[in-house]
Amino acid sequence: MADGKNLFRIFMLQIIVQSLLSLHAEGQGLKAEVIVSEVISDVMAIAPSLSGPLLRMHFHDCFIRCCDGSVLLDSPTNQSEKFSPPNLSLRGFNIIDRVKLALEKACPDVVSCADIVALVPRDVTVATKGPYWEVETGRRDGNVSLFIDPITPVTGLRSFTSNISVLKQSWALRGLNTKDLVVLSGGHTIGISHCSSFDSRLYNFTGKGDTDPTMDPNYIARLKLKCKPNDLTTFAELDPGSFKTFDDSYFKLVTKRRGLLQSDAALLDDPETRAYMIQATSEGSTFFKDFGVSMVNMGRIGVLTGSQGEVRKVCTKMYYS
């Protein structure tokens with residue numbers, strides 16, 4: 001009888017300990033999210049133009065290997081993902097470092113850089129009047145980052161000139177569907193793009209000095225005033241007029257043949273993506289809700305957990321390097 005009572009006490013003690021540990025972990029998680037939110041709020045107050053790049057960083061991280069923070073790693077010979085051509089336009093790495101520094105002071109060795117790259121986009125979206133969603137956490141950081149991966153055919157990052165078939169194939173390869181593709185393309189409602197990313201549509205679409213016939217001629221004329229041939233420094237707003245505000249106007253522009261990038265215009269070439277863009281600008285639009293769902297879906301790509309990977313102390317350096 002006594003043994004039974006002792007076993008019961010031990011069992012109850014284990015439950016209490018597990019509950020306390022769970023509450024502690026939950027408390028740490030909530031504390032971490034508050035810290036991330038505070039840092040991003042300060043950043044957005046003085047540098048709102050970073051909202052687009054910080055949102056895109058999560059995509060660039062997750063689509064290569066997995067959502068493991070590998071896009072943040074430095075390399076003494078510039079041979080990591082960060083230095084690969086598709087990632088050279090990314091900005092805001094110093095903001096990720098700033099968030100990590102604040103987190104390490106408050107709760108060291110708890111929040112991975114991969115989780116920071118997932119949390120920051122949510123907070124910049126909210127800061128630009130977009131939707132809020134619950135971010136899943138618990139990712140571990142990867143320790144492999146290769147220059148070649150983002151430019152590898154099929155599995156690398158797709159270019160701004162990709163057609164709808166290539167885009168759908170790329171997203172399907174990561175376990176994402178066509179709806180995720182069009183919904184997350186809506187993230188182009190904030191941010192900018194260099195003229196070099198779309199100047200062929202203005203000046204030499206088929207190699208004969210012509211323009212892209214699928215683009216609104218009036219829009220082409222406006223863009224030519226800003227972007228001259230072979231301009232490598234000037235940029236244009238992805239969503240003219242509200243590029244610092246998260247809204248549905250990106251879809252309105254694309255449906256009017258005013259999508260800036262060729263990959264934006266490609267969304268008109270598929271019945272499902274086209275239909276969604278029309279729905280997203282209509283009464284009863286579910287775009288804001290859908291965006292949060294698709295961001296969570298993307299954030300699940302091949303995550304490292306448990307004993308896999310590490311939790312870096314400095315996001316640009318491997319812990320064991």
Side-chain angles (χ1 to χ4, degrees), residues 13-47 50-51 53-55 57-58 60-62 64-76 80-82 87 90-127 132-145 295-296 298-321:
L13 181 61
Q14 288 176 333
I15 291 178
I16 292 171
V17 169
Q18 288 174 354
S19 297
L20 289 172
L21 288 173
S22 179
L23 286 171
H24 176 71
E26 185 177 343
Q28 289 280 67
L30 291 172
K31 182 180 180 181
E33 291 205 32
V34 169
I35 291 171
V36 176
S37 179
E38 289 176 345
V39 173
I40 294 305
S41 179
D42 290 343
V43 170
M44 289 297 99
I46 59 174
L50 284 175
S51 58
L54 288 170
L55 175 60
M57 192 179 293
H58 190 32
H60 282 242
D61 184 39
C62 290
I64 299 301
R65 293 187 174 271
C66 61
C67 306
D68 65 351
S70 55
V71 73
L72 306 173
L73 287 170
D74 279 336
S75 162
S80 60
E81 292 173 34
K82 180 187 289 187
N87 291 330
L90 288 179
R91 296 185 296 133
F93 291 107
N94 60 317
I95 306 304
I96 302 298
D97 293 338
R98 181 172 165 180
V99 172
K100 181 62 171 175
L101 184 63
L103 287 169
E104 285 299 305
K105 287 181 179 178
C107 41
D109 303 322
V110 173
V111 184
S112 67
C113 299
D115 274 352
I116 294 173
V117 173
L119 287 164
V120 166
R122 189 267 310 278
D123 291 339
V124 299
T125 299
V126 171
Y132 175 94
W133 64 91
E134 294 291 341
V135 177
E136 296 176 342
T137 55
R139 300 170 188 79
R140 304 268 290 178
D141 296 322
N143 49 28
V144 176
S145 184
M295 285 295 286
V296 170
M298 184 174 70
R300 292 173 176 168
I301 298 175
V303 297
L304 305 177
T305 58
S307 60
Q308 299 173 309
E310 61 187 0
V311 175
R312 296 181 215 138
K313 285 185 175 293
V314 178
C315 289
T316 57
K317 301 177 180 178
M318 286 183 286
Y319 188 78
Y320 298 108
S321 62

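Fair warning: this is a prediction, and the values are worked out from it, not measured in the lab. We number each residue from 1, following the sequence as shown.
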To check you understand the geometry: which heavy-atom pair defines the closest contact between Gly299 and Cys62, and what is its length?
CA-SG, 4.3 Å
Exercise: identify the closest heavy-atom pair between Leu55 and Met295:
CD1-CE, 3.8 Å
Separation of Asp115 CG from Leu103 CG (nearest 0.5 Å)
10.0 Å
Passes side chain to side chain contact (heavy atoms under 4.5 Å, CB included), Val36 versus Val120? Steps please.
CA-CA 7 Å; Val36 176; Val120 166; 4.1 Å; yes
Distance, nearest 0.5 Å, that separates CG of Asp141 from SG of Cys67
11.5 Å
For a 4.5 angstrom cut-off between non-hydrogen side-chain atoms, does Arg91 reach Met57?
no
Supply the atom-to-atom distance Lys100 NZ to Arg312 CZ, rounded to the nearest 0.5 angstrom.
9.0 Å
Under a 4.0 Å threshold between the charged nitrogen and the carboxylate oxygen, would Arg140 count as salt-bridged to Glu310?
no
For a 4.5 angstrom cut-off between non-hydrogen side-chain atoms, does Arg139 reach Asp68?
no
Using modelled atom types and a 3.5 Å cut-off, is there a donor and acceptor pairing between side-chain atoms of Ser41 and backbone atoms of Ser37?
no
Answer yes or no: is there a donor N or O on one side and an acceptor on the other, between the side chain of Asp123 and the main chain of Ile40, under 3.5 Å?
no
Do Leu304 and Cys66 make a side-chain contact, defined as non-hydrogen atoms from C-beta onward lying under 4.5 Å apart?
yes
Verify, without hydrogens or angle tests, whether Glu104 (side chain) and Asp109 (backbone) share a donor-acceptor contact under 3.5 angstrom.
yes
Under a 4.5 Å cut-off applied to non-hydrogen side-chain atoms, are Ile35 and Val99 in contact?
no
Indicate yes or no: at least one non-hydrogen side-chain atom of Cys315 is less than 4.5 angstrom from one of Asp97.
yes
Point-to-point distance, once rounded to the nearest 0.5 Å, from CG of Asp42 to CD1 of Ile95:
10.0 Å
Taking C-beta and beyond as the side chain, do Glu81 and His60 meet within less than 4.5 Å on heavy atoms?
no
Check whether any side-chain heavy atom of Trp133 sits under 4.5 Å from a side-chain heavy atom of Thr125, and report yes or no.
yes
Just one of Asn87, Thr316, Asp74 clears the side-chain hydrogen bond (donor to acceptor under 3.5 Å, both in side chains) bar with Lys82, so which one?
Asp74
Indicate yes or no for a side-chain donor-acceptor contact from Gln308 to the backbone of Thr305 under 3.5 Å, with no hydrogens or angles considered.
yes
Ser145 side chain vs Ser70 backbone, donor-acceptor pair below 3.5 Å:
yes
Interatomic spacing from CG in Leu72 to NZ in Lys317 - rounded to 0.5 Å
14.0 Å
Spacing of Arg122 atom CZ and Leu54 atom CG [to the nearest 0.5 Å]
14.0 Å
Within the 4.5 Å heavy-atom criterion, are Ile301 and Met298 side-chain neighbours or not?
yes
